[in-house]
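See below for the structure under consideration.
Proteins get letters first, then strands, A, B, ... in listed order; numbering begins at 1 in each. Source: prediction; values computed, not measured.
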Amino acid sequence: MRPLSEIERNRIEKVRRLREAGSEPYPARVRRTHTTAQALAAFAASPEGKPEAAVAGRLRSIRTMGKATFAHLEDASGRLQIYLRADELGPEMLRTFADLYDLGDFIQAEGYLFATRTGEVTLHVRALAMLAKSITPLPAAKEDEVDGKRVVYSAFDNPEARYRERYADLALNPDVRDVFRARAKVVTAVRSFLDGLGFVEVETPILQPIYGGAAARPFVTHHNQLHQDLYLRISFELYLKRLLVGGLERVYEIGRDFRNEGVSFKHNPEFTQLEFYVAYADYRDVMTLTEELVSHTAQAVRGTMRVAYQGQTLDFTPPWRRVDLNQIVGEASGIDLRQHPTAEGLAGAMREHGHSPTPGATRGKLIESLLAHYVEPSLVQPTFVYDYPRDISPLAKIKPGDPQTVERFEGFVAGMELCNAFTELNDPLDQESRFDEMARMYGADDEDRNPLDEDYLNAMRYGMPPNGGFGMGLDRLTMLLTDQATIREVILFPHLRSREEPRRSASGDVTQPETLGRDE
RNA sequence: GGCCCACUAGCUCAAUUGGCAGAGCAGCUGACUCUUAAUCAGUUGGUUGUAGGUUCAAGUCCUACGUGGGUCACCA
C-alpha cells in the first residue's frame, strides 16, 4: 500500500466531517431526472420556462466568487454548468460546498435551468448532495497561454500512466471514451453484417489440450484436478472447421486469442480475433466478403468508406486491389522468384541483395520475409496479396495446377497485415501428409511446431464441405477506424510489464526489489 | 534479446562549463453574488527512478540495475 498523500488525508478528513454534519458521503440512493444532455435539450425546448432538472455527475471544475460559485458537472452524455448562490442555497450549504466538496466528487444537483449572461445553459441549484467523495485527485488538466494563443495540454497524456490507470484516463479524456465507444460499434457492425448473411455465432474452447491453427507459441496453463496441461488458444480455426463437418454451413466466432510473443504497436499477447468459415465458398468469394464486411463496418462506425488514418486517407470502397504474391515480391525486391525454385537458390539471391536470410529457412519463409520487408510497408490502401507458398500454409488448399502454391490471401492496410484467409484444405489424406511434412520440417524440439491434432483429422475424415475461411484482428481494424497508431490505444487494459514492488521483510525493512512475472 | 532516448513536487516541465533544486497548474489560507484558463494576495509541498563510484562539491560525469518509449531482431 502506498502512503497517503497530504491531499488524500485531507479528503478522508472531509468524509468524516460530512458524516459528522449528517450528510452521507456515499449514499445508496440518487435522485436524477435528466442526464446533462437531456437537461440542455429541456432548456432548448422551453427557454422561457425555466425547466426543472435533477442531474448527477462528476465535478470537473469549480469557480468560486465569494457568495456565488460556478462549477461544471460531467456525466456520460456531456457537461452542464451549475450555479450556486448563497441567497438561494443558503450560506451554510455554500460553505459546506466550499469546504468539503472537491474536483472529482460525484454529486447530484437539483434546480431550474436558465441561460447566463454569456449564454451558457446553466442549472440554478436549490439542492445539492454528495454522491461519492473522491479521495485521490484525478491528474489535473493544465491549460496555458503561449504567444497569446490558448494551448490545452492534457496533463494526463503519459502513455504508461494512462494504460496503467485506464480508469483515470477515461475519466479525464473524452476522446479515449470515444475510441472505446467506436470499438464497441465495430464489433456490433461485424456481428450484424455476418448475422445478416445467415452466419451462426459460436463459442469454442479457449483452454485447449492441443493448440493449433496458427504458427505461434502458446501460453501454457494447468488443470489441477485433472493433472492436465492446457494451452490458451492461438486460433479458433481447428474447432470452427469441425463445425462445418457437423453441418453448420456458416459459422463465426469473435473472441480472444493468446500468443506468447513480443509486444509491439500492432501486437498484444491477447487480442480479439474474428474468424469465419463459409461452406461452398473459396478464397475469391472470401475476398469479396471481406471487402463488404470491412467497408460495411467503416460505414457503420465512421459514416464513410473513406477514413482518415495517421495523415492519410484509406478508401475501403470495394473492390480492393488484388495482387499476386510472387509478382509483387519480385517487383518490389528485384528478385525474380521463378528463377529461384529452391530455398538455397533464393537465399543466395537474397544475400546478393544484401540480406542475411535465416539459415535453414524454407523457401516459403524466405518469400514471406521478402513480403514483410519490401511489400507490406508500402501497401497503404486496402490490398489483397494472394497465392502463397504451400510450405508456410499447412491448412490451405493447393491451387489447381500449381502444387507449390496454395489458395491463400492476406489483406494489408496502412502498411499492416489486417486479415488472413484461404480456401480451406478439406482433403483428410492431404492434410495428414501436410502435418507430417511440418513435423519433419520443424523437428521435435521446435517450439513453433504445432502438435498433431488427431481428432481434427478424424473429423475431416467424416467429410468436410469445401469452404473458405477468414481471420481478422478486430483490434487492428479498430485502430484503422479510429485513427490510432498503436494497438494499446484500442485495448482497454493492454499488457504491460509488471511493476517492480519493493517487498517488506518481517522486520518491516524494505528489502531489495524483486522482479515479478517478467517475460523470458 | 541488441541499440538509442527518457525518468526532477500530486500533474506538466525548467535548472549555463559539475557550484544554494525552480515555475505554472493542483493543494492550503484569505478576498470576491454571471464565472468558465475566473481573478487577486499569501502559502505548503523534493531521499532529482534505485544502488554504487569519481569529486572540495553531482539533478548534471561514470558503472550496474529498474521502469517506460522508440527502433532492430524474432513472430509459417
Side-chain angles (χ1 to χ4, degrees), chain A residues 4-11 60-72 79 81-89 91 94 98-99 102-104 114-120 122 124 136-145 150-164 168 172 213-217 234 259-267 356 358 361-369 371-372 388-396 406 408 417 420 438 441-442 446-450 486 488 496-502 510 512-515 518-520:
Chain A
L4 292 171
S5 69
E6 187 185 337
I7 293 173
E8 290 166 323
R9 287 195 302 272
N10 258 330
R11 295 219 184 159
R60 290 306 307 276
S61 64
I62 299 174
R63 294 173 294 283
T64 306
M65 285 157 304
K67 297 188 176 61
T69 292
F70 284 92
H72 273 98
R79 284 187 183 205
Q81 181 167 260
I82 62 175
Y83 182 42
L84 315 176
R85 286 171 60 116
D87 50 12
E88 212 92 19
L89 202 57
L94 195 67
D99 286 350
D102 290 293
L103 289 179
F114 74 108
T116 62
R117 233 174 249 163
T118 54
E120 180 166 355
T122 300
H124 198 123
T136 305
L138 289 165
K142 181 198 179 185
E143 309 196 17
D144 204 352
E145 196 168 329
R150 185 180 152 199
V151 181
V152 180
Y153 303 96
S154 167
F156 202 55
D157 59 0
N158 175 278
E160 185 204 351
R162 286 180 45 232
Y163 304 148
R164 284 195 193 278
L172 286 168
R217 277 188 281 169
I234 58 173
R259 296 188 181 173
N260 207 337
E261 287 162 1
V263 175
S264 78
F265 74 95
K266 52 184 176 179
H267 295 90
S356 39
T358 314
T362 64
R363 183 167 181 274
K365 277 197 175 188
L366 294 175
I367 293 172
E368 194 169 51
S369 73
L371 176 70
Y388 276 62
R390 165 198 150 107
D391 65 74
I392 56 170
S393 315
L395 300 165
V406 295
R408 171 181 173 186
E417 182 191 338
N420 182 20
M438 294 300 285
M441 243 163 52
Y442 278 89
D446 192 317
E447 281 180 300
D448 277 352
R449 176 193 173 196
N450 285 202
T486 89
R488 290 179 164 196
L496 303 170
R497 291 181 194 222
S498 54
R499 267 247 200 253
E500 176 189 281
E501 299 283 354
V510 175
Q512 275 298 88
E514 196 166 295
T515 308
R518 295 249 358 254
D519 292 336
E520 303 305 300

Under a 3.5 Å limit for both distances, which nucleotide forms a Watson-Crick or G-U wobble pair with [N], could you say?
N: U39(B); result: A31(B)
N: U71(B); result: G2(B)
N: A21(B); result: none
N: U48(B); result: none
N: G66(B); result: C7(B)
N: C61(B); result: G53(B)

Could you tell me how far [M] sits from [N] if I compare only their [atom1] atoms? Round to whole Å.
N: A6(B); M: G42(B); atom1: C1'; result: 36 Å
N: A57(B); M: C61(B); atom1: C1'; result: 13 Å
N: C40(B); M: C32(B); atom1: C1'; result: 9 Å
N: A21(B); M: U60(B); atom1: P; result: 13 Å
N: A14(B); M: G24(B); atom1: P; result: 16 Å
N: G1(B); M: A64(B); atom1: P; result: 16 Å
N: C20(B); M: G49(B); atom1: C1'; result: 24 Å
N: C28(B); M: C13(B); atom1: C1'; result: 23 Å

In whole Å, I'd like the distance from the [atom1] atom of [X] to the [atom2] atom of [N].
X: L84(A); N: U35(B); atom1: CG; atom2: C1'; answer: 12 Å
X: H267(A); N: C72(B); atom1: NE2; atom2: P; answer: 13 Å
X: L94(A); N: C34(B); atom1: CG; atom2: C1'; answer: 14 Å
X: E8(A); N: A26(B); atom1: CD; atom2: C1'; answer: 13 Å
X: K266(A); N: C74(B); atom1: NZ; atom2: P; answer: 13 Å
X: F114(A); N: C34(B); atom1: CZ; atom2: C1'; answer: 7 Å
X: I7(A); N: C11(B); atom1: CD1; atom2: P; answer: 10 Å
X: I234(A); N: C75(B); atom1: CD1; atom2: C1'; answer: 12 Å

Which nucleotide wins on minimum distance to the side chain of [X], given the candidates [options]?
X: K365(A); options: C32(B), C75(B), U35(B); result: C75(B)
X: E120(A); options: C75(B), C34(B), U35(B); result: U35(B)
X: D102(A); options: C34(B), C28(B), C32(B); result: C28(B)
X: N10(A); options: G27(B), U33(B), A38(B); result: G27(B)
X: R63(A); options: C34(B), A38(B), U33(B); result: A38(B)

What contact category does [X] fall into here, base, sugar-phosphate, or nothing, at under 4.0 angstrom with non-hydrogen atoms?
X: P394(A); value: base
X: Y388(A); value: nothing
X: T69(A); value: nothing
X: T116(A); value: base

Heavy-atom closest contact ([X] atom, [Y] atom, distance):
X: R63(A); Y: A71(A); value: NH2-N, 4.3 Å
X: I7(A); Y: P137(A); value: CG2-CG, 3.7 Å
X: P389(A); Y: I367(A); value: CG-CD1, 4.0 Å
X: G213(A); Y: L395(A); value: CA-CD1, 3.8 Å

As an exercise, state the distance from [atom1] of [X] to [atom2] of [Y], rounded to the nearest 0.5 Å.
X: T122(A); Y: F114(A); atom1: OG1; atom2: CZ; result: 5.0 Å
X: H72(A); Y: R79(A); atom1: NE2; atom2: CZ; result: 7.0 Å
X: Y83(A); Y: T69(A); atom1: OH; atom2: OG1; result: 9.0 Å

Task: Whichever of I62(A) and D87(A) has its nearest RNA chain B nucleotide further upstream toward 5' - done: D87(A)

